[in-house]
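Worksheet for the structure shown next.
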Amino acid sequence: MQRIAQVLINITTKNINKAFSYSIPDHLDYVDAGWRVLVPFGNRKLEGFVIDIIIEEDSNRIELKPIIDILDNDKWFDEHMMHTARWISEYYLCNLVDAMRLFIPGKSGVKSVVAYSVEMEVDTETTLVALSAKYPEYSQVLSYIETHSPILSVKLEKKFGPSVLKAIRYLVRNKIIIAESIAKKMGTHRYKTIMSLLMDAEATREQISKLAKKPAQCRLLQYLIDHGQLASDELKKSNTSHETVKKLVQDGLIKLEKVQVVRDSYADICKAKNDISLTAEQQQVLEKIMPKMEARKFQSFLLHGITGSGKTQVYIEAVAAARQKNRQAIVLVPEIALTSQIVSRFKARFGDDVVVMHSKLSTGERYDAWQRLRGKQAGIVIGARSAIFAPLPDVGIIIMDEEHEFTYKQEETPRYHTRQVAITRATLSGAVVIMGSATPAIETYFQTQMGQHTLLLMSKRIANANLPAVTIVDMREELRKKRRSVISLPLQELLQETISRGEQAIILLNRRGYATFVMCRECGHIVRCKHCDISLVYHSVGKKLKCHYCQCIETVPDICPECNSRYIRFFGTGTQKLQEEIVTLFPHIRVVRMDQDTTGGRMAYDRILEAFAKGEYDLLLGTQMVAKGHDVKNVTAVGIIAADSILNLPDFRAAERVYALLTQAAGRAGRGDKAGKVVVQTYNPEHYAVQAGANQDYQSFYESEIVYRKALCYPPYGQIIKLTVQAKEESMARNQAEQIIKELRSLMAESKTVEIIGPFPAPIAKVNDIFRMNIIIKAKDLTNVRAYITSMGLTIRPDVMIDVEPVSIM
DNA sequence: AGCACGCCGACT
DNA sequence: GTCGGCGTGCTC
């Protein structure tokens with residue numbers, strides 16, 4: 001009888017979707033499902049996840065390679081994680097390894113490198129002679145390998161340059177040297193050495209008096225008496241050298257210990273206690289949440305609170321309640337860089353109990369942060385969507401701020417939605433989920449109405465600040481009045497008034513760059529990216545054309561590449577041009593621009609916001625990011641330039657996006673005691689999303705939108721799977737897509753509730769020289785569709801991307 | 001993913 | 001004839 005481990009190999013290839021069997025050596029007999037292990041795979045050593053143990057009755061029936069080692073001191077994946085990973089792989093149609101990888105810090109727990117040494121049977125002397133006649137440069141490499149073996153390929157490259165790869169290949173092929181895979185564990189603990197006294201202070205003082213002629217040793221001992229301990233990397237603090245330490249250890253006066261270092265890059269953020277009294281509304285909402293928390297049962301809430309109603313304080317109190325019961329909390333935010341306010345408020349309240357997950361954390365830092373949560377040394381994790389996978393042993397509450405944000409959907413495999421994972425996880429561990437938003441996703445609101453979530457309403461702004469007054473400006477009307485400026489007259493007037501009163505304004509324009517497209521006036525030719533099917537954007541900084549998809553940069557052509565005319569002109573307005581226009585209109589205004597181009601650096605976003613909040617600028621202009629979650633009391637005016645440009649996109653969520661954008665942008669105005677004013681410029685003033693957005697009337701927006709969704713069977717009434725077929729040739733992509741559709745149709749011939757649309761080229765059909773063909777599958781229920789897709793083998797085809805419940809059908 | 005194997009064209 | 005191009009298939 002023999003226990004055999006079923007192991008998934010942690011490599012990112014779609015076409016391996018099966019477990020491999022390994023024997024378990026005696027000294028690792030405790031290895032069980034959920035362990036991370038090191039296994040031989042081909043001629044490499046790789047990380048594997050044990051997903052199952054099977055018992056083989058007659059042992060040695062098959063030759064199996066053994067597990068080499070374990071990667072952690074205990075099992076990494078607990079029952080809940082395994083369950084959630086399985087659910088993700090089934091629901092979102094991805095490989096189980098891909099789903100499991102979400103639960104580990106970094107991409108892999110091991111780094112595999114190759115080392116070379118000379119083959120045992122090879123007689124180096126004669127080989128060298130033979131080689132030097134034929135390939136003198138190869139013989140040099142060989143003799144270097146002989147004297148330095150085993151040697152890493154990177155080191156050989158450093159020594160001989162990249163051409164050494166050719167030599168290595170030759171030597172391996174001819175069995176003169178052998179390649180050996182070496183696995184290095186990644187992201188494990190970092191240790192530092194701490195020294196401390198072996199005896200008590202009294203005894204040590206006695207020793208010091210005997211060491212009068214050894215001043216360095218005395219200094220160190222004295223330091224240890226005063227401070228208790230000293231880290232070896234802080235030796236210079238006591239003005240002592242390494243040799244002194246060695247001597248004292250030898251003499252038995254001090255001892256050295258290895259202690260694990262926990263890296264925490266946010267450790268230094270303030271933690272002043274704040275005492276905020278709750279509003280009546282906040283109190284009421286919390287009273288509904290608390291009993292459910294007591295019950296330790298899953299319950300989800302939709303916290304529908306208008307902008308500025310104080311949702312963050314509700315989150316903080318709810319988390320505090322969970323912590324009091326010694327349960328842990330996950331706080332999800334759409335994007336950590338844009339939400340430093342929420343982070344600092346949690347830090348201020350909970351101090352070191354908060355772990356901030358940051359995309360810029362190194363694997364090691366991430367590992368340590370997770371380790372603190374696993375060991376319950378910290379109880380709260382804040383982060384973007386990946387924080388939902390943090391290894392908390394006992395989750396009591398999951399907060400999802402701005403639950404409608406699309407960043408909660410991962411746009412690469414596994415294409416999970418954080419909301420779904422949160423609910424799955426909370427169900428398993430009996431936790432409460434609070435989804436907060438001023439503009440809930442249509443699906444979430446619908447589910448709430450169906451009784452899946454409990455609705456919590458907050459409809460008053462803190463300190464009774466009023467919602468801003470909104471003016472809709474019909475830009476067609478402006479044009480009729482011969483006003484061609486991007487900034488309409490009403491907006492100009494609003495800006496003028498606001499600035500003259502010493503107040504601040506925000507302007508939002510959804511396009512960055514200077515001119516959004518470049519066209520020949522003679523023939524209408526539009527300059528496009530060579531690799532992507534998209535028009536290039538002119539950037540005035542550097543005077544270049546940029547592709548916003550593949551980031552490539554081109555020079556502006558002098559003459560039209562189509563008709564050779566010289567009438568190349570710039571059209572459309574981006575944030576750069578808008579800034580220029582504002583400076584022309586109001587020469588004395590201090591303007592700061594915020595978009596991807598100005599927030600390149602790590603903290604640039606915070607810096608700009610901080611300067612603006614301090615009043616160093618009168619006007620903040622930029623893309624969507626100016627509308628996110630900040631709170632500047634002196635802002636009383638907001639202008640939205642092309643509010644409806646999104647409406648022209650062929651996407652069923654366009655209206656929802658417009659409504660959310662309008663509400664959020666408008667929500668920036670009048671957060672203090674002064675009234676706010678908003679100007680919305682649009683070419684679709686009568687559209688329900690624009691109207692409802694201007695009135696901040698979610699109900700009426702929801703009611704119009706849900707009718708449209710129902711009529712066209714879009715979510716929440718129908719579910720969607722998007723298939724994207726990729727190929728280098730357009731015809732190839734089309735053929736493949738057509739074949740898939742044919743097969744799907746024949747499989748689903750009898751089911752009438754499934755609708756297959758396509759194939760049609762993705763709205764941006766070519767990105768980075770790859771053509772993309774889309775297929776949309778709409779159904780009341782996707783269960784059968786999933787089964788068909790899997791049985792057709794689409795899940796393991798590298799040229800087919802599967803997006804279950806896509807955020808957009810583009 | 002890597003890496004071997006294997007079948008074709010461009011060279012000594 | 002050999003070297004090296006890349007297409008295919010396998011890894012317990």
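Values reported hereafter were calculated over all heavy atoms of this structure, with side chains retained and with hydrogens, waters and symmetry mates removed.
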Would you indicate what A/T12 reaches in the nucleic acid, counting non-hydrogen atoms under 4.0 angstrom: base, sugar-phosphate, or nothing?
sugar-phosphate
Salt-bridge test for A/R786 and A/E90: reply yes if a basic N is under 4.0 Å from a carboxylate O, no otherwise.
no
Sub-4.0 Å heavy-atom contacts from residues 40-52 of chain A onto DNA chain C, ordered by number:
A/P40, A/F41, A/G42
The complete set of ring pair (Phe, Tyr, Trp, His ring centres under 6.0 Å) pairs with one or both residues in residues 791-810 of chain A, sequence neighbours excluded, reads none
A/D78: partners by salt bridge (charged side-chain N to carboxylate O under 4.0 Å, His left out), with sequence neighbours left out:
none
Does A/M748 CE have over 12 foreign heavy atoms under 6.0 Å away?
yes
Does A/I16 reach a base, just sugar-phosphate, or nothing at all? Heavy atoms under 4.0 Å.
base
With sequence neighbours excluded, tell me which residues meet salt bridge (charged side-chain N to carboxylate O under 4.0 Å, His left out) with A/R101.
A/D98
Atom pair CD1 (A/I757) and CG (A/N774), whose distance is rounded to the nearest 0.5 Å
11.0 Å
Sugar-phosphate only, base, or nothing, as touched by A/K107 at under 4.0 Å among non-hydrogen atoms:
nothing
Verify the ring-centre separation between A/Y144 and A/Y116: is it less than 6.0 angstrom?
no
To the nearest Å, give me how far apart CD1 (A/I178) and C1' (B/dC3) are.
16 Å
side-chain hydrogen bond (donor to acceptor under 3.5 Å, both in side chains) contacts touching residues 727-749 of chain A (sequence neighbours left out):
A/Q736-A/R797
Of all nucleotides in DNA chain C that come within under 4.0 Å of a heavy atom of chain A, which is furthest toward the 5' end and which toward the 3' end?
C/dC3 to C/dC12
Given atom CD1 of A/I9 and atom P of B/dG2, what is their separation to the nearest angstrom?
13 Å
